[in-house]
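Here's the structure we're looking at; comments come further down.
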Amino acid sequence: MVKEKTKPTPQKRFLTLKRREACLGWLFVSPALIGFSIFTFGSILYSLYLSFTDYNLLSAPKWIGLENYIRAFTNDQYFYRYFGNTFYFVLLLVPLVLVISLGLALLINRKVGRINKAYRVALFLPSITSTVAVSMVWLWIFNPDMGLLNNFLTALGWNNPPMWLADPAWSKPALVIMRVWQMSGYYMIMFLAGLQTIPENLYEAAEVDGANSVQRFFKITLPMLSNTSFMVAILLVIEAFNMFESIFIMTEGGPLGSTSTIMYYIYEQAFRNYDMGYASALAWIFFALILVVTLVQYRFRNEQGGE
């Protein structure tokens, strides 16, 4: 007797279709995955190997174990100083940009037509402009002799305005001013998106209960923006830790190393001193630091009851 062929059940047909879709999806993303594996993930692993070697680009890497890491923590006089500069930028930039970008979002969170849209574009424009171009403009603004800022301060009656980028005491605040101006518009858009997801009936109910604008801000707006604020804080910390372009263009780490950060120090060691092994070790130390800071932020968020 010839056995009759049984038709696949709907469940089996669904599983077969699902497998085909999965295979097709992996086929489409495979070029990106292969490129990432070779040029990004492979490079990361190779830099980890180089961090345990003495490598100057001209000769083969020589295995030296943990010497680069020991050198960073014990024998490098600039390591802790440049880490201090890095933390200075993080501790100033993160809260300033958070407060200013949230304030700007609150100010323009009004439905007033074309003027509102023009303000949004004007505030967002610096964040999408090349950092190199922005740095060149601010070099002129901070010029101690002919700069726009010092001319304005002199007109207000300040007889001895700061030297800004030429003065070790003012160079870091000058870079902070520039970066706050450039970064605030980007994070303003994020806060604005968060504000527009808050239901209006919450504010209406609070107003009926007699809550004033300050109470509505602290009792409704801030709690409802907690997820947005957390995401913005993480992005800001990472961006502040990775300050490089503005320092490279405006100060080159000076004056007297007052603006040099770990990122810029890694660049100097790798592409000026050609000490690739030590630069790779610094990069992995820096990566570990950012990872720890991010995990601490997540832990703090979880302890505060965030989702």
Side-chain angles (χ1 to χ4, degrees), residues 39-40 43-44 47 50-51 55-57 72 76-94 96-97 125-150 162-187 235-287 289-290 293:
F39 298 107
T40 302
S43 301
I44 292 172
S47 72
L50 289 181
S51 69
Y55 181 44
N56 60 4
L57 291 177
D76 191 342
Q77 60 178 328
Y78 300 109
F79 178 76
Y80 293 104
R81 180 185 178 187
Y82 295 161
F83 253 118
N85 292 341
T86 303
F87 276 106
Y88 178 96
F89 288 121
V90 172
L91 294 176
L92 261 71
L93 279 173
V94 173
L96 282 175
V97 175
L125 192 60
S127 64
I128 61 173
T129 305
S130 168
T131 303
V132 175
V134 170
S135 299
M136 295 299 295
V137 172
W138 279 88
L139 270 176
W140 170 69
I141 294 174
F142 284 130
N143 187 291
D145 299 321
M146 300 175 293
L148 182 66
L149 183 55
N150 274 6
M163 297 292 289
W164 299 113
L165 299 175
D167 185 353
W170 284 96
S171 54
K172 286 196 288 289
L175 285 173
V176 168
I177 293 171
M178 174 264 183
R179 289 296 287 164
V180 167
W181 175 82
Q182 186 184 20
M183 296 163 62
S184 295
Y186 178 79
Y187 297 104
L235 294 175
L236 273 173
V237 167
I238 295 174
E239 189 168 358
F241 268 120
N242 286 281
M243 274 189 63
F244 175 76
E245 297 96 332
S246 55
I247 295 172
F248 180 78
I249 298 297
M250 299 176 71
T251 65
E252 294 187 349
L256 303 177
S258 60
T259 60
S260 186
T261 61
I262 287 296
M263 276 292 293
Y264 189 77
Y265 191 43
I266 292 170
Y267 160 77
E268 284 188 318
Q269 291 296 323
F271 299 106
R272 289 187 177 178
N273 299 335
Y274 299 105
D275 194 348
M276 287 290 179
Y278 187 54
S280 298
L282 291 173
W284 276 95
I285 294 171
F286 193 45
F287 165 75
L289 173 66
I290 296 177
V293 171

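Remember, predicted model here, so these are calculated numbers, not experimental data.
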Heavy atoms only: give me the nearest [X]-[Y] pair and the separation to one decimal.
{"X": "R272", "Y": "F248", "result": "NH2-CE1, 4.3 Å"}
{"X": "N143", "Y": "M146", "result": "OD1-N, 2.9 Å"}
{"X": "Y82", "Y": "G257", "result": "CE2-O, 3.7 Å"}
{"X": "Y278", "Y": "A72", "result": "OH-CA, 3.3 Å"}
{"X": "S246", "Y": "R179", "result": "OG-CD, 3.9 Å"}
{"X": "N242", "Y": "F286", "result": "OD1-CE2, 4.0 Å"}

If you define the side chain from C-beta out and look only at heavy atoms, does anything of [X] sit under 4.5 Å from [Y]?
{"X": "F244", "Y": "T261", "result": "no"}
{"X": "M276", "Y": "F271", "result": "yes"}
{"X": "Y88", "Y": "T86", "result": "no"}
{"X": "I177", "Y": "W138", "result": "yes"}
{"X": "L165", "Y": "T259", "result": "no"}
{"X": "D145", "Y": "N150", "result": "no"}
{"X": "L125", "Y": "I128", "result": "yes"}
{"X": "M243", "Y": "L93", "result": "yes"}

[X] side, atom [atom1]; [Y] side, atom [atom2] - distance, nearest 0.5 Å:
{"X": "S47", "Y": "F287", "atom1": "OG", "atom2": "CZ", "value": "10.0 Å"}
{"X": "S135", "Y": "W140", "atom1": "OG", "atom2": "CH2", "value": "15.5 Å"}
{"X": "Y187", "Y": "L236", "atom1": "OH", "atom2": "CG", "value": "4.5 Å"}
{"X": "L175", "Y": "L92", "atom1": "CG", "atom2": "CG", "value": "11.5 Å"}
{"X": "M250", "Y": "F142", "atom1": "CE", "atom2": "CZ", "value": "5.5 Å"}
{"X": "S260", "Y": "Y78", "atom1": "OG", "atom2": "OH", "value": "10.0 Å"}

- Item | Ring centroid separation F83 to Y80 under 6.0 Å |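 No - the distance between ring centres of F83 and Y80 does not fall below the 6.0 Å cut-off.
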
- Query: Are F87 and F241 close enough that their ring centres sit under 6.0 Å apart?
  - Reply: yes

- Query: So Y265 and N85, side-chain hydrogen bond (donor to acceptor under 3.5 Å, both in side chains) or not? Walk me through it.
  - Reply: CA-CA 11 Å; Y265 191 43; N85 292 341; over 6 Å; no

- Message: Between S171 and S258 (side chain of the first, backbone of the second, donor and acceptor by atom type, cut-off under 3.5 Å), is there such a pair?
- Response: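 A pair under 3.5 Å: no.
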
- So does Y186 have more than 12 non-hydrogen atoms from other groups sitting under 6.0 Å from OH?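 No.
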
